[in-house]
J.: 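Got a structure for you, written out below as structure tokens; questions coming shortly.
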Protein chains: 2
Amino acid sequence: MPGHKQKKNLNLLNEQPLADFKVGVDNVIFSVDTAQNRLLVLLIMRQQEPFVNQWSLPGTLVRQGESLEDAAYRIMSEKIKVNNLYLEQLYTFGGPNRDPREAIDSFGVRYLSVSYFALVRFEEAELIADKVTGIAWYPVKQVPELAFDHNEVLAYGHTRLRNKLEYSPVAFEVLPETFTLNDLYQLYTTVLGDNFADYSNFRARLLKLGFLSDTGIKISRGAGRPASLYKFDAEAFAPLKDKPLVFI
Amino acid sequence: MPGHKQKKNLNLLNEQPLADFKVGVDNVIFSVDTAQNRLLVLLIMRQQEPFVNQWSLPGTLVRQGESLEDAAYRIMSEKIKVNNLYLEQLYTFGGPNRDPREAIDSFGVRYLSVSYFALVRFEEAELIADKVTGIAWYPVKQVPELAFDHNEVLAYGHTRLRNKLEYSPVAFEVLPETFTLNDLYQLYTTVLGDNFADYSNFRARLLKLGFLSDTGIKISRGAGRPASLYKFDAEAFAPLKDKPLVFI
DNA sequence: CCAAAAGTGTTGGGCATACACCCATGA
DNA sequence: TCATGGGTGTATGCCCAACACTTTTGG
């Protein structure tokens, strides 16, 4: 997590030459398995050095003529087939010595990573397994040690997700098109922990906001009364966007 | 403002060579003139090509062995003397063709800019005018056309400021050590526009939160009853941090 | 008919809004 | 003594947490 240190004087560096950079883009791609109430992140098994055979966030180096966002979308399209996705820039990690290649092929080349934050729907997302490439959804709670500083990047993405969940309608980017109010509630509890309102109040608040429309369709899951399927109504939400708004 | 476009396929680029980058850091440094109720941003008159004699955000290129944050602090220390400052990363602008030097010295070198967001106290900040360097606080509302994409960077910083003001105690990073409740109120109105609670309610809410301590000192500004000087009590605030909290 | 899941209702306390009002000072 | 800016008080209504309750299904 990037901290905010106070003051620093590096005038010794005053006449140091400029650094040359390669720029990488790494994506933190989240998704939720509604059936098992698990928050998932997409990981790739690395095929080349450095960190061969170690899990990492899906990433790539930026090519000539390519924007950062283009690179982020390229990663997505190489690893995953989705109809719809949410993507935003996360944070830029650029300290020296964050990539072992800096020491080896040297000539002072630095590796900087611009990370992106993405949300996709688990059910719609089809993983593209080229050859023997390891690619998998990992429950965030069980993520192993990752290549580079990717554990740190993931942690930062996770905080961002928690924050966004509270004040913007990102939940509907991860849920299926139609969902029960319980699915929504479960999503909030699995991501945020269950330190908030009980189901009944959660339900009441969300419905009062008026951008969840009942499709009328009922779905039965084992015993118990069947639940209504709702969908997010973007039009009804529009007037509320960029108003302060809490979803807890 | 960085948007979130949906999908894109750039497989034509599939075998394009990697881009080489120089990395710049640009700071959006805000401050507030409490006397005149103006939000200020620090601008520098450029001395070299490109964009000679045009105003720009203070920035620099990252040197060997230097982290991004180090570079950001270096800019600060070269332009301004302050006791205390708030600094955080803002956004990374990395599209091709955002810097005219890409066309000229060429060899495919790209210029990427990592922007930082800083807050300083107007009264404490002493500008360092080396030689004839133009350096000045500009009222945000009167900023001219800037070099590069700096108007866009500034706009993004401005939004960030507005957002942070609503849910975190950044106000006290820009205000002087001691301030009247009216100063605080004015700050909120000049930055956010006056679309919120009246002074009386603003006052009541803030005081109830309990992290503003009355110094007992009174200050008289022309006619009218003298106002109490308050200061931000970081200890009293500590337990409240990272709780959801609205300052409007 | 009972347990399980979904959905509704009620009640009390707290907080925000919109005001009206009192206080201390300079001119 | 009055205009000016600072500060206090109060009534209304809304929202929210807690929790009790009803409805609809499967077994």
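Reminder, nothing fancy here: chain letters follow the sequence lines and each chain counts from 1. These numbers come from the heavy atoms of this one structure, side chains and all, not from hydrogens, waters or symmetry mates. All values reported here derive from a predicted model rather than from experimental measurement.
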J.: Give the rounded distance in Å between these two atoms: CD1 of B:I219 and P of C:dG26.
T.: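 Rounding to the nearest Å, CD1 of B:I219 and P of C:dG26 are 13 Å apart.
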J.: Taking all heavy atoms of A:P144 and all of A:N151, pick out the closest pair and write down the distance.
T.: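 The answer is O-OD1, 3.3 Å.
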J.: Using a 4.0 Å heavy-atom cut-off across all strands, classify A:D198 as base, sugar-phosphate, or nothing.
T.: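 Result for A:D198 = base.
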J.: Could you tell me whether the phosphate oxygens of C:dC15, OP1 or OP2, come under 4.0 Å of any side-chain nitrogen or oxygen in B:R205?
T.: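 For C:dC15, OP1/OP2 do not have a side-chain N/O of B:R205 under 4.0 Å.
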J.: Write down the distance between CD (A:Q186) and C1' (C:dA6), rounded to a whole number of angstrom.
T.: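 Rounding to the nearest Å, CD of A:Q186 and C1' of C:dA6 are 13 Å apart.
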J.: Quick one: B:N182 CG to D:dG6 P, roughly how many Å, whole number?
T.: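 Interatomic distance, CG of B:N182 to P of D:dG6: 4 Å.
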J.: What is the distance, to the nearest angstrom, from the CZ atom on B:R203 to the C1' atom on C:dA18?
T.: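 Rounded to the whole Å, the gap is 17 Å.
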J.: Using 4.0 Å as the upper bound for N to carboxylate O, is an ion pair formed by B:E124 and B:K81?
T.: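 Judged by the 4.0 Å cut-off on N to carboxylate O distance, B:K81 and B:E124 do not form a salt bridge.
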J.: Parallel, tilted or perpendicular for B:F30 and B:H158, by the 30°/60° rule?
T.: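 The arrangement is tilted - the two ring planes meet at 30° to 60°.
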J.: Using heavy-atom distances to pick each residue's nearest nucleotide on DNA chain D, tell me which of A:N201 and B:K218 is more 5'.
T.: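 That would be B:K218.
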J.: Name the residue closer to the 5' end of DNA chain C, choosing between A:L207 and A:R221 according to the nucleotide with the nearest heavy atom.
T.: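 The residue whose closest nucleotide sits nearer the 5' end is A:R221.
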J.: I'd like to know if B:D183 and B:R221 make a salt bridge, using a cut-off of under 4.0 Å between side-chain N and carboxylate O.
T.: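 Looking at B:D183 and B:R221, the cut-off is met.
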J.: Separation of A:L206 atom CG from C:dG7 atom P, in whole Å?
T.: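 Whole-Å distance recorded here is 13 Å.
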J.: As a test of understanding, state which of A:I29, A:V28, A:N27 forms a side chain to side chain contact (heavy atoms under 4.5 Å, CB included) with A:L42.
T.: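 Single side chain to side chain contact (heavy atoms under 4.5 Å, CB included) partner of A:L42 among A:I29, A:V28, A:N27: A:I29.
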J.: Nearest whole angstrom, please: distance from the C1' of C:dA6 to the CG of A:D183.
T.: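 Distance check: A:D183 CG to C:dA6 C1' gives 12 Å.
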J.: Distance check: side-chain N/O of A:R225 vs OP1/OP2 of D:dT23, anything under 4.0 Å?
T.: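 No, outside the criterion.
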J.: With hydrogens left out and only the distance checked, is there a donor-acceptor pair under 3.5 Å joining B:S228's side chain and the base of D:dG7?
T.: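 Such a pair does not exist between side chain and base.
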J.: Looking at B:Y199, does any N or O in its side chain come under 4.0 Å of the phosphate oxygens OP1/OP2 on D:dG7?
T.: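 For D:dG7, OP1 or OP2 has a side-chain N or O of B:Y199 closer than 4.0 Å.
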J.: With nearest nucleotides of DNA chain C determined for A:A223 and B:P226 from heavy-atom distances, which residue corresponds to the more 5′ nucleotide?
T.: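 That would be A:A223.
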J.: To the nearest angstrom, how far is A:F202 atom CZ from D:dC19 atom C1'?
T.: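 Answer to the nearest Å: 19 Å.
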J.: With nearest nucleotides of DNA chain D determined for A:S200 and A:S220 from heavy-atom distances, which residue corresponds to the more 5′ nucleotide?
T.: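 Checking each residue's closest nucleotide, the 5'-ward one belongs to A:S200.
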